[in-house]
K.L.:
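Structure in structure tokens, see below.
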Amino acid sequence: MKTVEEQFRIIKKGADLIVNEEELKLKLEKSIKNNKPLIIKLGLDPSAPDIHLGHAVVLRKIKQMQDLGHKAVIVIGDFTGKIGDPTGKAKGRKALTDEEVLKNAETYKNQIFKVLDKDKTEVKFNSTWLSKLNFDDVLKLAATTTVARMLERDDFQKRYKNNVPIGIHEFFYPLMQAYDSIALEADIELGGTDQTFNILMGRTLQKARGQEQQIAMFMPILEGLDGKEKMSKSLGNYIGVNEPANIMFKKVMEVPDELIIKYFELATDEHPDNIDKVKERLKDGENPRDIKLELAEIITRLYHSEEELKEAREFYNTAFSKKEIPDNIPELNFSGNILKELTEDLVKEKIIPSKKEFNRLLDQGGIQLNGEKIKDFNTIIEDKDVLKIGKKKFIKVVKTI
């Protein structure tokens, strides 16, 4: 194991807040002395299973701690998921069915191991212990906090002031989530800054039960490619961990220059020393584009093979640096004759989100046919024609009879 100071520096990299740092150092000392890994807890409410780099910020931090010798325990909230996390919600959330919870949980499990070390990770379902609590246990759990404390939460506060109903069962979400920490005897719990209330509740309950309190560690929210809003699939400013290597590489190249360091800190496993060198290079006036090329390689390599990375780099250089049409692009079978007919197939195959979006790109000159911009819906489409849609997508049309 690395020294306490070295571990602390790696763990702290990119973190928004650690409660508290001195306790963390003491836990690290004890871990080294006893040769016993710390238990790192992450709770997942399986209601949105598609992971992008914003979600992966916490996973990457856990992976860094795994590399230091510690153990991750992923708690799939199959029991808490039946309530749904009320964090940031203007109204109550519809409870998930058992079938929905299990289906989403399985999807999560498939994705988290694109980041985490499977051999150093346990996956547990919190129904294992929460379903065994009797009513007496529940009353004792409820007695650990007050309604006033619950109403300190911004989301509950707003709903209360606006006369939006709050179900009593929703107050139990942070208590149940905190009880997970007791069941695991967690040493560290991670989450985004939007999970502050829930994670600190874990410390409160552990103290009430006479357990050593977990370290509460909060990672910042990662802005998306627009450089302003939180990374989100609904806003279209995301980089998905399951996206093809060439798309991922190209999207990283779209990261705003002012966010280069933040992406190095939150979306990679680079050592703080390496990131300090990148800061110096930017400060000395090196072209941000050259550094983004390195960033794109590092991030793409985290989720794809070396061969896929090589192809993505070549695809980018050909398609976006040299402005040529790349090889090995996806093919689309088409039995029609004109662009208007092809649009329907593009929507059907989810290559474009809608005809409206295609119309917008066409009007703005964002559609190319064999390298030439087109704006006419009646453009003739021939066999082996190559369509470039926007900045990222190439499609080769294969005519069928």
Side-chain angles (χ1 to χ4, degrees), residues 47-56 94 100 103-104 107-108 110-111 114 221-256 259 267 296 299-300 303-304 308 312 315-316 319-320 325-326 328-381 385-400:
S47 56
D50 292 323
I51 294 177
H52 53 59
L53 291 193
H55 299 130
K94 181 183 176 183
E100 288 171 327
K103 182 180 177 181
N104 289 347
T107 307
Y108 254 133
N110 292 336
Q111 292 182 72
K114 290 180 76 74
I221 301 300
L222 183 65
E223 294 86 355
L225 300 180
D226 55 6
K228 299 175 183 177
E229 301 292 338
K230 173 182 175 180
M231 186 175 285
S232 164
K233 293 199 99 176
S234 61
L235 295 175
N237 64 354
Y238 71 99
I239 304 174
V241 301
N242 281 329
E243 291 195 279
N246 60 332
I247 298 296
M248 182 178 285
F249 194 100
K250 173 61 173 66
K251 283 188 173 183
V252 176
M253 291 303 297
E254 296 174 5
V255 170
L259 289 178
I299 290 177
T300 305
Y303 301 99
H304 296 280
E308 289 171 318
F315 185 94
Y316 179 81
F320 304 104
I325 297 172
N328 302 319
I329 59 178
E331 295 183 350
L332 178 66
N333 292 328
F334 177 55
S335 59
N337 294 300
I338 61 173
L339 182 63
K340 186 175 182 180
E341 295 168 339
L342 179 64
T343 307
E344 296 177 4
D345 289 346
L346 293 171
V347 174
K348 183 179 178 182
E349 295 297 323
K350 298 182 179 180
I351 295 166
I352 57 173
S354 64
K355 289 183 181 180
K356 184 178 179 181
E357 173 64 13
F358 192 85
N359 291 346
R360 183 186 68 78
L361 286 169
L362 195 65
D363 289 341
Q364 295 177 356
I367 306 295
Q368 292 183 20
L369 186 68
N370 302 324
E372 299 294 331
K373 289 182 180 180
I374 55 173
K375 288 193 174 184
D376 187 352
F377 255 125
N378 293 314
T379 299
I380 301 296
I381 303 297
D385 276 350
V386 174
L387 202 67
K388 182 181 179 184
I389 304 169
K391 295 180 179 180
K392 308 180 186 72
K393 294 178 180 175
F394 286 85
I395 296 294
K396 182 179 288 185
V397 179
V398 178
K399 296 295 287 291
T400 58

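FYI, side chains are in, hydrogens and waters are out, and symmetry mates aren't considered; it's all heavy atoms of this structure. All of these numbers come straight from a predicted model, not from anything done at the bench. Position 1 is the first residue of the sequence, and the numbers go up from there.
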K.L.:
For a quick test of reading the model, state the closest non-hydrogen atom pair linking Pro256 to Gly224 and the distance between them.
P.N.:
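Smallest interatomic distance, heavy atoms only, reads CD-O, 4.5 Å.
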K.L.:
Mind listing the closest non-hydrogen atom pair of Ile380 and Leu369 along with its distance?
P.N.:
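Between these two residues, the closest heavy atoms are O-CD2, 3.9 Å.
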K.L.:
Identify the heavy atoms of Thr300 and Met248 that sit nearest to each other, and give their distance.
P.N.:
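For Thr300 versus Met248, the nearest heavy atoms are CA-SD, 3.7 Å.
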K.L.:
Show your reasoning for whether side chain to side chain contact (heavy atoms under 4.5 Å, CB included) applies to Ile338 and Thr379.
P.N.:
CA-CA 6 Å; Ile338 61 173; Thr379 299; over 6 Å; no
K.L.:
Please check this pair: side chain of His304 against backbone of Glu243, looking for a donor-acceptor N/O pair closer than 3.5 Å.
P.N.:
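A pair under 3.5 Å: yes.
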K.L.:
Checking Lys373 now: which residues fulfil side-chain contact (heavy atoms from CB on, under 4.5 Å) with it, not counting sequence neighbours?
P.N.:
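Here the qualifying residues are Gln368.
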K.L.:
Pick from Asn237, Ile239, Leu225: which one makes a side chain to side chain contact (heavy atoms under 4.5 Å, CB included) with Glu254?
P.N.:
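Running side chain to side chain contact (heavy atoms under 4.5 Å, CB included) over Asn237, Ile239, Leu225 with Glu254 returns exactly one hit, Leu225.
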K.L.:
Would you check if the side chain of Thr343 reaches a backbone N or O of Leu339 as a donor-acceptor pair within less than 3.5 Å?
P.N.:
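It does hold such a pair.
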K.L.:
Between Lys230 and Leu235, what is the shortest heavy-atom contact and its length?
P.N.:
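Where Lys230 meets Leu235 most closely, the heavy atoms are O-CD1, 3.9 Å.
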K.L.:
Taking only residues at least two apart or on different chains, which pairs with a member in residues 356-367 satisfy side chain to side chain donor-acceptor pair (under 3.5 Å)?
P.N.:
Glu357-Arg360, Arg360-Gln364
K.L.:
Between the main-chain N or O of Leu387 and the side-chain N or O of Lys393, is there a donor-acceptor pair closer than 3.5 Å?
P.N.:
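Not a single qualifying donor-acceptor pair exists.
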K.L.:
Among all residues two or more places apart in sequence or in another chain, which pass the side-chain contact (heavy atoms from CB on, under 4.5 Å) test with Asn110?
P.N.:
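For Asn110 the side-chain contact (heavy atoms from CB on, under 4.5 Å) partners, ignoring immediate neighbours, are Glu106.
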K.L.:
Taking Asp345's backbone N and O only, do any of them form a donor-acceptor pair with Glu349's side chain (distance below 3.5 Å, no angle check)?
P.N.:
no
K.L.:
Are any side-chain N or O atoms of Glu331 and backbone N or O atoms of Val398, one a donor and one an acceptor, separated by less than 3.5 Å?
P.N.:
no
K.L.:
Sequence neighbours left out, what passes side-chain contact (heavy atoms from CB on, under 4.5 Å) with Pro330? Give chain and number order.
P.N.:
Ile395
K.L.:
Could I get the full list of side-chain contact (heavy atoms from CB on, under 4.5 Å) partners for Val347, not counting sequence neighbours?
P.N.:
Ile352, Lys355
K.L.:
According to ring pair (Phe, Tyr, Trp, His ring centres under 6.0 Å), does anything in residues 223-252 pair up with another residue at least two apart or in another chain? List the pairs.
P.N.:
Phe249-Tyr316
K.L.:
Can you confirm whether Lys250 sits close enough to Phe315 that some side-chain heavy atom of one is under 4.5 Å from a side-chain heavy atom of the other?
P.N.:
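SC-SC contact between Lys250 and Phe315 ruled out.
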